[in-house]
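Note that the numbering runs from 1 along the sequence shown for the chain.
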Amino acid sequence: MSDLTRVYVEETHESPFAVRIETGGHVLTGDEPASMGGADLGPAPYQMLTAALGECTSMTVRWYAHEQDWPLEHVIV
């Protein structure tokens with residue numbers, strides 16, 4: 001398995017739900033908002049998932065426009 005596909009998630013104990021996420025040479029912090037018992041140190045899981053879907057959608061639109069040789073100035077999801 002390549003390092004680009006490995007994801008490590010470990011509790012940090014900075015809040016009851018805070019985690020350190022390592023993947024592809026990047027480090028992110030995840031947490032729950034204060035209203036859910038966290039310290040809001042990073043995006044909550046549902047925010048990460050929504051961001052991942054938006055990222056994938058944006059990249060797919062950009063790739064498809066490139067493949068079709070369509071002029072596309074900007075993508076926002």
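Closest approach of Asp31 to Ser15, counting heavy atoms only: OD1-OG, 2.8 Å. When all heavy atoms of Pro33 and Tyr46 are compared, the pair lying nearest together is CG-OH, 4.0 Å.
Scored by the side chain to side chain donor-acceptor pair (under 3.5 Å) test, Glu55 finds no partners at all (sequence neighbours excluded).
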Intermediate values then yes/no, side chain to side chain contact (heavy atoms under 4.5 Å, CB included), Thr29 and Thr12: CA-CA 9 Å; Thr29 299; Thr12 66; 5.9 Å; no
Test log, rule side chain to side chain contact (heavy atoms under 4.5 Å, CB included), inputs Ile21 and Met48: CA-CA 11 Å; Ile21 304 161; Met48 292 275 208; 3.5 Å; yes
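From Leu53, atom CG reaches atom CG of Leu49 across 4.5 Å, with rounding to the nearest 0.5 Å. The distance from atom CD of Glu67 to atom CZ of Arg62, rounded to the nearest 0.5 Å, is 12.5 Å. Rounded to the nearest 0.5 angstrom, Glu32 CD and Gln47 CD are separated by 8.5 Å.
Looking only at distances, a side-chain donor or acceptor of Thr60 sits under 3.5 Å from a matching main-chain atom of Cys56.
By the criterion of side-chain heavy atoms lying less than 4.5 angstrom apart, applied directly or through intervening Ile, Leu, Val, Met, Phe, Trp or Tyr residues, Val61 is not grouped with Met59; the two fall into different hydrophobic clusters. Note on Val77: it clusters hydrophobically with Leu72, by side-chain heavy-atom contacts below 4.5 Å among ILVMFWY residues. Taken together through direct or relayed side-chain contacts under 4.5 Å among Ile, Leu, Val, Met, Phe, Trp and Tyr, Trp70 and Trp63 form part of one hydrophobic cluster. Connection of Leu28 to Val9 is established within a shared hydrophobic cluster, with ILVMFWY side chains joined at heavy-atom distances below 4.5 Å, either directly or through further cluster members.
Heavy-atom contacts from other residues, nucleotides or ligands closer than 6.0 Å to CD of Glu10 number 12 or fewer.
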